[in-house]
Student: 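Take this structure, written in structure tokens, and hold onto it; I'll ask about it next.
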Amino acid sequence: MEEMMENKSTGSPASAHDRSWMNTSLPPDERAALVLAQLTLEEKISMVHGKSNDAYAMAAIPRLGIPALTMTDGPAGINEGQATSLPAPIGLAATWDLAAAEQYGELLASEAQATGHNVFLAPCLDLARVPAYGRLFAAFGDDPILTGQMAVRSIQSVQRHHIVATAKHYNVNTQDEKRFEVDAQLDERALQEIYTLPFALTVQDGQVGAAMGAFNKVNGVCCCENHHLLTEILKQQVGFEGW
């Protein structure tokens, strides 16, 4: 115990017998608690924001066996380094071809690996409800079921290669004009049956590893601090366990 406390306070290398969180037979929550107890305050802070010179990366913590998170934007291909410029997802969705969505994800995964990334910041599940939406090309159309199914196939392919996919932008993100301040007002049925449904499919059928919050507000509360959206719906109702 004294040795473990020393590791926690000084950041000294953890010995092999201390690394109980590396035991894959333990439940994920238990493993997380074990490694969390070893993290210094500085290390915890480093894991909740990007490196000072790179907002798309989080530094590794080698002494605890924690790898770096190297993120790349999407969704129409890897947005860093030499990579293929893929057809826009709205075009992919127009095919209604789930097998094509799976192939799309395979290529994304291979190029993420080739460019040194392990987190893919896509797919985009924003529904094409506003024709002037600047990111409409990145969406899968206006149908929540088609959007969810296309995204699931792509996510499954990406994560099969140990790349974390990210469902975005949660939730009701449908316009670019004043997107930092717009307040989407809607009833619970529309929220559930139209906008949340694609995210639910990617969690329950695709086991997506991460979710990205939207800039906008929903019914008066910013998405990234919205208890109803994040806790009651995404975590409790839908069952999301990622980050």
Side-chain angles (χ1 to χ4, degrees), residues 44-58 69 71-80 88-91 93 119-148 150-151 154-155 164-203 208-238 240-243:
K44 291 175 183 177
I45 293 172
S46 76
M47 296 192 73
V48 295
H49 65 80
K51 292 190 288 188
S52 60
N53 63 340
D54 187 357
Y56 282 84
M58 296 179 188
L69 291 178
M71 297 172 274
T72 178
D73 219 338
I78 303 305
N79 196 24
E80 185 178 340
I90 195 76
V119 180
F120 182 55
L121 299 177
C124 177
L125 307 181
D126 303 334
L127 296 180
R129 307 279 288 181
V130 178
Y133 177 38
R135 291 190 176 186
L136 188 146
F137 75 94
F140 290 112
D142 65 347
D143 184 271
I145 295 178
L146 177 64
T147 293
M150 298 295 282
S154 177
I155 288 167
V164 178
T166 308
K168 67 182 189 183
H169 305 87
Y170 183 78
N171 198 338
V172 201
N173 185 79
T174 61
Q175 68 185 69
D176 272 344
E177 185 177 1
K178 298 182 179 179
R179 64 177 177 170
F180 294 103
E181 55 194 86
V182 67
D183 184 1
Q185 296 283 327
L186 72 170
D187 62 22
E188 188 67 16
R189 181 175 180 181
L191 175 62
Q192 293 279 354
E193 296 183 4
I194 299 175
Y195 297 99
T196 299
L197 181 54
F199 289 95
L201 291 172
T202 59
V203 171
V208 67
M212 182 190 297
F215 293 117
N216 55 280
K217 298 177 182 178
V218 171
N219 293 332
V221 184
C222 291
C223 289
C224 290
E225 60 181 21
N226 194 309
H227 179 77
H228 182 53
L229 291 181
L230 298 176
T231 301
E232 295 177 348
I233 295 179
L234 189 61
K235 294 181 180 179
Q236 296 176 355
Q237 174 188 312
V238 175
F240 178 64
E241 295 183 343
W243 53 275

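In this chain, residues are counted from 1 in sequence order. Not measured: the values here are computed from a predicted model.
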Student: Once you round to the nearest 0.5 Å, how far does OG1 of Thr174 lie from CG of Asp142?
Tutor: 12.0 Å

Student: Using the test ring-ring contact (aromatic ring centres under 6.0 Å, His included), find all partners of Phe199 that sit at least two apart in sequence or belong to another chain.
Tutor: Tyr170

Student: Would you give the length of the straight line joining atom SG of Cys224 to atom CE of Met212, rounded to the nearest 0.5 angstrom?
Tutor: 9.5 Å

Student: Please confirm whether the backbone N or O of Leu121 pairs with a side-chain atom of Lys168, one donor and one acceptor, at under 3.5 Å?
Tutor: yes

Student: Is the closest basic N to carboxylate O distance between Asp183 and Lys178 below 4.0 Å?
Tutor: no

Student: State, to 0.1 Å, how close His228 and Glu232 come at their nearest heavy-atom pair, and which atoms those are.
Tutor: ND1-OE1, 2.6 Å

Student: Just wondering, do Thr202 and Phe240 contact through their side chains at under 4.5 Å, heavy atoms?
Tutor: no

Student: For the CD atom on Glu241, are there more than 12 heavy atoms of other groups (residues, nucleotides or ligands in this structure) within a distance under 6.0 Å?
Tutor: no

Student: List the steps, then state whether side chain to side chain contact (heavy atoms under 4.5 Å, CB included) holds for Leu191 with Ile233.
Tutor: CA-CA 10 Å; Leu191 175 62; Ile233 295 179; 3.8 Å; yes

Student: Are side-chain N/O atoms of Asp126 and Tyr195 paired as donor and acceptor at under 3.5 Å?
Tutor: no

Student: Could you work out, with ring-ring contact (aromatic ring centres under 6.0 Å, His included) as the rule, every residue matching Phe120, not counting sequence neighbours?
Tutor: none

Student: To the nearest 0.5 Å, what is the distance between OG1 on Thr231 and CD on Gln237?
Tutor: 12.5 Å

Student: Check whether any side-chain N or O of Asn171 sits under 3.5 Å from a backbone N or O of Cys223 as a donor-acceptor pair, and report yes or no.
Tutor: no

Student: Report the C-alpha separation of Thr166 and Val208 in whole Å, then their side-chain angles, then the decisive distance to 0.1 Å, and conclude whether the side chain to side chain contact (heavy atoms under 4.5 Å, CB included) test is met.
Tutor: CA-CA 7 Å; Thr166 308; Val208 67; 5.8 Å; no

Student: Could you tell me whether the side chain of Thr147 and the main chain of Leu125 form a donor-acceptor pair under 3.5 Å?
Tutor: no

Student: How would you list, by chain and number, every residue that makes a salt bridge (charged side-chain N to carboxylate O under 4.0 Å, His left out) with Glu193, sequence neighbours excluded?
Tutor: Arg189

Student: When you compare the side chain of Arg179 with that of Gln175, does any pair of heavy atoms fall below 4.5 Å?
Tutor: no

Student: Any side-chain heavy-atom pair from Asn219 and Gln185 closer than 4.5 angstrom?
Tutor: yes

Student: Measuring only between side-chain heavy atoms, which start at C-beta, is Val218 closer than 4.5 Å to Leu186?
Tutor: yes

Student: Apply the side chain to side chain contact (heavy atoms under 4.5 Å, CB included) test between Phe140 and each candidate in Cys124, Pro198, Pro89; give the one that qualifies.
Tutor: Pro89

Student: Closest approach of Pro131 and Leu136, non-hydrogen atoms and distance?
Tutor: O-CD1, 3.9 Å

Student: Is there a side-chain contact between Gln192 and Leu197, using heavy atoms and a 4.5 Å cut-off?
Tutor: no

Student: Rounded to the nearest 0.5 Å, what's the gap from OH on Tyr56 to CG on Asp73? Could you check?
Tutor: 4.0 Å

Student: Is Leu234 close to Leu229 at the side-chain level, that is, under 4.5 Å between some pair of heavy atoms?
Tutor: no

Student: Report the C-alpha distance between Val164 and Trp243 in whole Å, list the side-chain angles of each, state the deciding distance to 0.1 Å, and finish with yes or no for side chain to side chain contact (heavy atoms under 4.5 Å, CB included).
Tutor: CA-CA 10 Å; Val164 178; Trp243 53 275; 4.2 Å; yes

Student: Compare every heavy atom of Met58 with every heavy atom of Met47, then report the nearest pair and how far apart it is.
Tutor: O-SD, 3.4 Å

